Amino acid sequence: MTTLIRGKAHLLGAEINTDIHCSTKYYPGRDIDYVAQHAFEQLSPGFAKRFAKGGVIVAGKNFGNNSSREQAVHILRLMGVAGIVAVSFGRQFFRNCINNGMPAAECDLAGVSDGDEIEMDLAGGRVAIASRGIVREVPPLPVAVQEIIAAGGLIPFLKAHPGWKVNETADTRR
């Protein structure tokens, strides 16, 4: 299982509602491939064209707020987003990231600049701005969540583990 993600930082701001910036709802008659080519255009003109596959989106607080659409994560995957680091996430969006195999971590992002090399260590509980020597501690993702992300999301994980169950009082398998 890969728990280490490395990529170039692509900065976005705070309070980003992905329903607006990553949804076909606001592009009538357009498919998700089109939206992926124009994602975040209103916030940062040319963002999708500048985004290099394997990059990491770095955002402020409440990234994905008010977003219950899994489609936003699908579009980010189409763009080639390797992971997302934000000060905080909209809770539904964060869970959609897990359910769709998108690594996400919350931490202080002071000192990060566009183009910096970011390293996310999901198991070790750290985010590093490798190009600046800055390391931030973050709560490590639970092993079960890491396994879901590594499988590519909840559905692929459950297909690969048909007998998997979670004890209601602990994160252990029976």
Side-chain angles (χ1 to χ4, degrees), residues 2-110 112-122 127 129 136 138-139 141 145-158:
T2 302
T3 60
L4 193 63
I5 293 96
R6 289 187 182 114
K8 187 179 283 191
H10 295 272
L11 269 58
L12 289 170
E15 305 294 338
I16 295 175
N17 179 335
T18 54
D19 283 349
I20 294 170
H21 302 292
C22 260
S23 173
T24 58
K25 176 181 177 182
Y26 294 94
Y27 291 97
R30 303 297 184 152
D31 63 12
I32 62 172
D33 290 319
Y34 177 88
V35 176
Q37 294 169 13
H38 298 278
F40 305 105
E41 192 70 27
Q42 298 168 22
L43 289 173
S44 178
F47 181 84
K49 287 178 180 37
R50 289 189 309 275
F51 191 88
K53 289 189 186 277
V56 175
I57 288 181
V58 176
K61 66 179 185 170
N62 292 325
F63 185 79
N65 61 343
N66 296 327
S67 181
S68 60
R69 288 180 180 79
E70 289 186 40
Q71 180 188 68
V73 178
H74 296 272
I75 288 167
L76 297 176
R77 291 180 69 90
L78 274 175
M79 290 175 64
V81 174
I84 307 166
V85 179
V87 172
S88 63
F89 290 92
R91 298 327 302 163
Q92 289 175 317
F93 179 81
F94 186 78
R95 189 59 210 199
N96 283 338
C97 285
I98 293 166
N99 289 347
N100 289 282
M102 176 64 68
E106 293 182 335
C107 73
D108 172 20
L109 296 165
V112 180
S113 295
D114 208 48
D116 281 347
E117 195 68 27
I118 299 290
E119 186 175 282
M120 299 169 66
D121 182 350
L122 303 178
V127 171
I129 304 129
R136 303 275 197 261
V138 298
L141 292 177
V145 171
Q146 292 176 45
E147 290 176 359
I148 290 168
I149 291 171
L154 184 59
I155 300 301
F157 175 84
L158 291 173

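Given the structure is predicted, the values throughout are model-derived calculations rather than measurements. The first residue in the sequence is number 1, and the count goes up from there.
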Specify the closest pair of heavy atoms between [X] and [Y], including all atoms of both residues, with the distance to one decimal.
| X | Y | answer |
| --- | --- | --- |
| Val56 | Met120 | CG1-SD, 4.1 Å |
| Gln146 | Leu122 | NE2-O, 3.8 Å |
| Ala151 | Pro156 | O-CB, 3.3 Å |
| Met79 | Phe51 | O-CD2, 3.7 Å |
| Cys22 | Ala39 | SG-CB, 4.0 Å |
| Ile149 | Pro103 | CG2-CG, 3.9 Å |

Can you measure from [atom1] ([X]) to [atom2] ([Y]) and round to the nearest 0.5 angstrom?
| X | Y | atom1 | atom2 | value |
| --- | --- | --- | --- | --- |
| Ile98 | Phe157 | CD1 | CZ | 12.5 Å |
| Ile84 | Ile118 | CD1 | CD1 | 13.0 Å |
| Leu78 | Ile32 | CG | CD1 | 4.5 Å |
| Gln42 | His21 | CD | NE2 | 5.5 Å |
| Ile129 | Leu109 | CD1 | CG | 7.0 Å |
| Thr18 | Leu76 | OG1 | CG | 7.5 Å |

Heavy-atom side-chain proximity of Val73 to Phe93 below 4.5 angstrom
yes
Just jot down the side chain to side chain contact (heavy atoms under 4.5 Å, CB included) partners of Glu106, sequence neighbours excluded, or say none.
Ser88, Phe89, Arg91
List for me each residue that meets side chain to side chain contact (heavy atoms under 4.5 Å, CB included) alongside Gln92, sequence neighbours excluded, and say none if there are none.
Ser68
Does Met102 form a side chain to side chain contact (heavy atoms under 4.5 Å, CB included) with Asn100? I'd like the steps, not just the answer.
CA-CA 6 Å; Met102 176 64 68; Asn100 289 282; 5.6 Å; no
Does [X] use its side chain to pair, donor to acceptor, with the backbone of [Y] at less than 3.5 Å?
| X | Y | answer |
| --- | --- | --- |
| Asp31 | Asp33 | yes |
| Lys61 | Ala86 | no |
| Arg50 | Pro45 | yes |
| Asp114 | Leu11 | yes |

Relative to the ring of Phe40, is the ring of Phe63 parallel (under 30°), tilted (30 to 60°) or perpendicular (over 60°)?
tilted
Report the C-alpha separation of Glu119 and Asp121 in whole Å, then their side-chain angles, then the decisive distance to 0.1 Å, and conclude whether the side chain to side chain contact (heavy atoms under 4.5 Å, CB included) test is met.
CA-CA 6 Å; Glu119 186 175 282; Asp121 182 350; 5.5 Å; no
Run the side chain to side chain donor-acceptor pair (under 3.5 Å) test against Asn65 and tell me which residues pass, sequence neighbours left out.
Glu15
